[in-house]
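Everything on this sheet refers to the single structure shown next.
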Amino acid sequence: MPEPDLAFRRQHLLGIEGLEAWEILDLLERADAYVELNRQTAKKLDLLRGLTQVNLFFETSTRTRTSFELAGKRLGADVVNMSVGVSAIKKGETLIDTAMTLNAMHPDVLVVRHHESGAVALLARHVRCAVINAGDGSHEHPTQALLDALTIRRRKGRIAGLTVAICGDLLHSRVARSNILLLLALGARVRLIGPPTLLLPHVEGWGVEMHTDMRRGLTGVDVVMMLRLQTERMQGSYVPSVREYFHYYGLTYDKLALASPDALVMHPGPMNRGVEIDGVVADDIDRSAILDQVEMGVAVRMAVLEALTHRARGGN
Ligand code: CP
């Protein structure tokens with residue numbers, strides 16, 4: 001464990017933006033220890049005993065919601081999954097009123113996913129407890145970037161000096177934004193690859209390379225991070241057809257051959273096989289770290305819960 005004066009001591013985790021490299025490294029160190037714990041038969045600790053965690057998901061989720069629930073329970077917290085579909089939100093209750101209502105029940109941590117960028121930060125201003133952003137619109141998904149970093153670090157032994165390609169629907173991706181910020185903070189080189197309609201605007205000065213030719217962009221990279229085509233966030237047509245998109249931007253062995261021979265393949269999930277990635281590449285256990293990412297997700301969320309409840313557990 002790090003020295004107390006170099007430990008993550010923020011009230012909330014709303015994004016990677018603004019975090020110092022040492023804060024990210026502190027969370028990764030803590031998560032590393034939880035990976036080993038999660039592989040044992042007895043996984044339960046009582047670090048968060050007596051604390052209450054509420055998971056509030058306004059958008060669908062498999063990985064994030066389940067891993068936050070497991071993370072809280074493995075640390076001994078009481079975990080409540082609030083079901084938005086059967087809540088008073090369906091009767092018109094606002095986000096702020098929902099936040100203040102939950103706050104009155106004295107939770108210690110709120111884990112929130114919302115379809116609007118900025119909604120989680122807005123909610124955090126109306127509660128006293130710790131708030132974790134589990135993904136807000138196309139803004140940020142900080143725990144995804146942390147689990148991706150943990151995956152890369154454990155498989156490659158480092159992050160600094162690696163070249164990471166982030167490919168596909170960058171425009172709508174909160175995963176891409178959080179990953180770019182984190183990878184640059186830890187000294188990686190980042191290449192963004194996608195069709196002109198789906199590249200990120202306003203990234204001049206970030207220190208990233210942009211490519212519309214996937215073959216050129218993948219040349220020599222150490223990590224290939226694929227993104228889902230987020231049709232639910234698209235109004236209008238951004239790609240001519242799924243078939244054409246797969247032809248130019250789908251990850252196949254043919255395109256992967258241009259990356260480093262030991263390049264790691266990643267995808268945050270859920271995957272669209274045959275759209276952004278060929279199923280055989282995704283399932284290749286020698287190249288794909290996609291299920292490692294899921295495993296790291298539980299450990300990272302345990303680390304974040306531990307760090308954010310420091311004060312609630314009596315720390316100063
Ligand atoms: N990667 C990710 O956020 O997946 P879920 O939508 O299943 O949580």
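For ligands, and for the atoms within them, numbers begin at 1 and follow the listed sequence.
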Chi angles and distances behind the salt bridge (charged side-chain N to carboxylate O under 4.0 Å, His left out) call for Lys156, Asp262: CA-CA 9 Å; Lys156 293 280 180 193; Asp262 60 349; 3.6 Å; yes

Verify whether one side chain among Glu36 and Asn38 offers a donor that lies under 3.5 Å from an acceptor in the other. no

Distance-only polar pair, side chains of Asn55 and Glu69, donor-acceptor under 3.5 Å: no

Taking 4.0 angstrom as the limit and counting only heavy atoms of [X], give me the atoms of ligand 1 inside it, by number and element.
{"X": "Thr62", "result": "5 (P), 7 (O), 8 (O)"}
{"X": "Thr64", "result": "2 (C), 3 (O), 4 (O), 5 (P), 8 (O)"}
{"X": "Gly269", "result": "1 (N), 2 (C), 4 (O)"}

Counting the benzene-type ring for Trp, do Tyr238 and His172 have ring centres under 6.0 Å apart? yes

So among Arg174, Arg113, Glu140, which one has a side chain to side chain contact (heavy atoms under 4.5 Å, CB included) with Asn133? Glu140

For atom 4 (O) of ligand 1, the protein heavy atom that lies nearest, with its residue and separation: Arg63 NE, 3.0 Å

Identify, for atom 6 (O) of ligand 1, the protein heavy atom at the shortest distance, and state residue, atom and that distance. Arg113 NH1, 2.9 Å

Return a yes/no value for Pro270: is any of its N or O atoms, backbone included, closer than 3.5 angstrom to an N or O of ligand 1? no

Mind checking whether Arg65 has an N or O less than 3.5 Å away from an N or O of ligand 1? no

Take every heavy atom of Glu59, measure it against each atom of ligand 1, and state whether any distance is under 4.0 Å. no

Whether Asp222 and Arg155 form a salt bridge (side-chain N of Lys/Arg under 4.0 Å from carboxylate O of Asp/Glu) is what I want to check. no

